[in-house]
A.B. asks: 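Input: one structure, supplied below.
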Protein chains: 2
Amino acid sequence: MTPATSPTAVPAPTSVEPAARRRARRGEGDRTREAIISAAEALLTASGSEDAVSIRAVADAVGVTPPSIYRHFPDKAHLIFEVCARHFDAIDAALVQPILRAGGDPVEALAELARGYVRFGVENPEHYRIMFMGHADHTPGMYASERVLETGSFGGTAQLVQRAIDAGRLRADAGDAVLVTYVIWAALHGVVTVAVSKPNMPAPPLDAQVDAMIDTLLHGLLA
Amino acid sequence: MTPATSPTAVPAPTSVEPAARRRARRGEGDRTREAIISAAEALLTASGSEDAVSIRAVADAVGVTPPSIYRHFPDKAHLIFEVCARHFDAIDAALVQPILRAGGDPVEALAELARGYVRFGVENPEHYRIMFMGHADHTPGMYASERVLETGSFGGTAQLVQRAIDAGRLRADAGDAVLVTYVIWAALHGVVTVAVSKPNMPAPPLDAQVDAMIDTLLHGLLA
DNA sequence: CGCGTTTACGTAACGCTGTTCACTCAAGTG
DNA sequence: CACTTGAGTGAACAGCGTTACGTAAACGCG
């Protein structure tokens, strides 16, 4: 099930097919809820488009009727954002935390985190788009900004930046930790965003982009 | 505003209100086409959401029926992308070309271009989102990648980077012009993207973000 | 056992969307 | 005049998110 090719790949796309269902028992409503999330996740990864994840399509895949979805989620946005949030929880556990625990050279750790983050983004483009490229008005409040700041990649970057500062590895006039973190994260976010939104653009290979970006951020361009 | 009570009142060009219309004459179909674009532009900027620019809303604003739109545009995507493309043509003429013609210090020119580009993005968030943050499958082919590469900001950045290289201002191992341009543009794109998509995120002021990004790209972080 | 409450779900429908088909109406041409 | 052609309508289709309302099944309790 777990594709060993990537540590940032995430759960199991179950089946998109319809399902023979019994009515859930009294306390087992959460089982239906999980089935809905699994079906939405499968539809999203299989189609690569949020448009394919309609309430009706999810309901068909689960084997219930459209209004039943609303007994488990207040609206479509909450459903689809919960699907994506699980992906970002997974990357936190699979990529960020191991790097933080390893505790090696903070600058090298930053580079490794950057590469993993970008790879995660381009391997889960629709999840990334929903989470970080949508309209703020369409984003459930609980996911609006917290997920960005507390999410593994940003928080992990902040910790590594602080370690680098503590170790005296950064220039004195580089700015405070928050600003440095923001710069690094926004730059990587830019790489992911353009790769996700313009996949056919004639661009340097992704690895070259990330390496050049990291190298430029760390060493600068000027002679 | 003056209440236009006259039944023969001429419709205001950029109004979102309904319009008293005559049927266009034989060769004057392009006039209707322009009215459609103006109405879509007005709806987009007034609402700040692509969702408000429905075919029916545009048709009502122009004073025609929905199917009439399709005599001038193959589908909604072509209409809304043409609206946005005009914005990006405008920034090319108003921001990029003057900087290129000024011909001052290329590094300072890059910083000035960066600040202008980011400001344009956050001042026209929905246009920016449609142009650069949408799904590739929803983007008309003619706007998919050309607009990114040939657009003023990217092409202008490339020219300034080349000037900086020619003037010996960049490090020898900074990479070729294409890669350097891509890095700079992607980083700025990241700043715009997160500002557009997460406007309520507790972040450093935009000017500080841009200055820090430019300074970091040029001078680097490491001691 | 049986009653009543609660949870899980279905049926039907509303208002909206982008889009298409078939039609009309007016203007310019030979 | 007839004829063509460009501009615009009216009605409709299929799909969307969402809601109001009815119903069936499982549980606690007397």
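We name chains A, B, ... by the order of the sequence lines, and we start the count at 1 in each one.
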A.B. asks: Between P66(A) and A77(B), just flag the one whose closest nucleotide in DNA chain C comes earlier from the 5' side.
C.D. replies: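 Upstream on the strand: P66(A).
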
A.B. asks: Could you please name the option among dA20(D), dT17(C), dC21(C) that lies closest to any side-chain atom of P67(A)?
C.D. replies: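 Closest nucleotide among those given: dA20(D).
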
A.B. asks: Does CZ belonging to R163(B) count more than 12 external heavy atoms closer than 6.0 Å?
C.D. replies: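 Yes, CZ of R163(B) has more than 12 neighbouring heavy atoms, counting only those of other groups under 6.0 Å.
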
A.B. asks: Salt-bridged, D207(A) to R115(A), with N to O below 4.0 Å?
C.D. replies: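 Salt bridge between D207(A) and R115(A), a charged N being under 4.0 Å from a carboxylate O: no.
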
A.B. asks: So, OP1 or OP2 of dC9(C): does either fall under 4.0 Å of a side-chain N or O from T32(A)?
C.D. replies: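 For T32(A), the contact criterion (side-chain N or O under 4.0 Å from OP1 or OP2 of dC9(C)) is met.
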
A.B. asks: Using a 3.5 Å distance criterion without hydrogens, assess whether the side chain of S153(A) forms a donor-acceptor pair with backbone atoms of Y117(A).
C.D. replies: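 Checked: no pair found.
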
A.B. asks: In this structure, how many angstroms lie between the P atom of dT17(C) and the CG atom of L79(B), rounded?
C.D. replies: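 To the nearest whole Å, that distance equals 15 Å.
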
A.B. asks: Angle between the end axes of the helix from dC1(C)-dG30(D) to dG30(C)-dC1(D), five pairs per end, to the nearest 10 degrees?
C.D. replies: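 Here the helix ends are tilted 20° relative to one another.
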
A.B. asks: Would you indicate which nucleotide in dA12(D), dT18(D), dG10(C) comes nearest to any side-chain atom of T65(A)?
C.D. replies: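 So the side chain of T65(A) is nearest to dG10(C).
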
A.B. asks: What is the distance, rounded to the nearest whole Å, between atom NE2 of H138(B) and atom P of dG18(C)?
C.D. replies: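 The distance from NE2 of H138(B) to P of dG18(C) comes to 13 Å, rounded to the nearest Å.
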
A.B. asks: Could you go through H189(A) and Y128(A), starting from their C-alpha distance and side-chain angles, then the distance that decides it, and tell me whether this counts as ring-ring contact (aromatic ring centres under 6.0 Å, His included)?
C.D. replies: CA-CA 10 Å; H189(A) 176 69; Y128(A) 197 92; 5.7 Å; yes

A.B. asks: Run the numbers on F132(B) and F88(B) for ring-ring contact (aromatic ring centres under 6.0 Å, His included), then give the verdict.
C.D. replies: CA-CA 11 Å; F132(B) 288 139; F88(B) 282 83; 5.1 Å; yes

A.B. asks: Measure CZ/R71(A) against P/dT23(D) and give the value in whole Å, please.
C.D. replies: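 Between P of dT23(D) and CZ of R71(A): 15 Å.
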
A.B. asks: To the nearest Å, how far apart are E50(B) CD and dG18(C) C1'?
C.D. replies: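 My rounded result for the distance is 12 Å.
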
A.B. asks: May I have the distance from Y70(A) (atom OH) to dC9(C) (atom C1'), rounded to whole angstrom?
C.D. replies: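 It is 15 Å, rounded to the nearest whole Å.
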
A.B. asks: Could you check E41(B) against H87(B) for side-chain hydrogen bond (donor to acceptor under 3.5 Å, both in side chains), going step by step and ending with a plain yes or no?
C.D. replies: CA-CA 10 Å; E41(B) 162 68 24; H87(B) 267 248; 2.9 Å; yes

A.B. asks: Check whether any side-chain heavy atom of V96(B) sits under 4.5 Å from a side-chain heavy atom of L100(B), and report yes or no.
C.D. replies: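 When only atoms from C-beta onward are counted, L100(B) and V96(B) do touch, with a gap below 4.5 Å.
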
A.B. asks: Between dT19(C), dG10(C), dG17(D), spot the one nearest the side chain of S68(A), thanks.
C.D. replies: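 Among dT19(C), dG10(C), dG17(D), the one nearest the side chain of S68(A) is dG10(C).
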
A.B. asks: With respect to the phosphate group of dA8(C), does any side-chain polar atom (N or O) of H72(A) fall under 4.0 Å of OP1 or OP2?
C.D. replies: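 For dA8(C), OP1/OP2 do not have a side-chain N/O of H72(A) under 4.0 Å.
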
A.B. asks: Output the rounded distance in Å from CD1 (I69(B)) to P (dG18(C)).
C.D. replies: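 The distance from CD1 of I69(B) to P of dG18(C) comes to 10 Å, rounded to the nearest Å.
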
A.B. asks: State which of dT9(D), dT17(C), dT18(D) makes the closest approach to the side chain of R56(B).
C.D. replies: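 For R56(B), the side-chain atoms sit closest to dT17(C).
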
A.B. asks: Write down the distance between CG (D60(A)) and P (dA14(D)), rounded to a whole number of angstrom.
C.D. replies: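 Roughly 17 Å, once rounded to whole Å.
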
A.B. asks: Between atom CD1 in I55(A) and atom P in dG17(D), what is the gap in whole Å?
C.D. replies: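 To the nearest whole Å, that distance equals 6 Å.
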
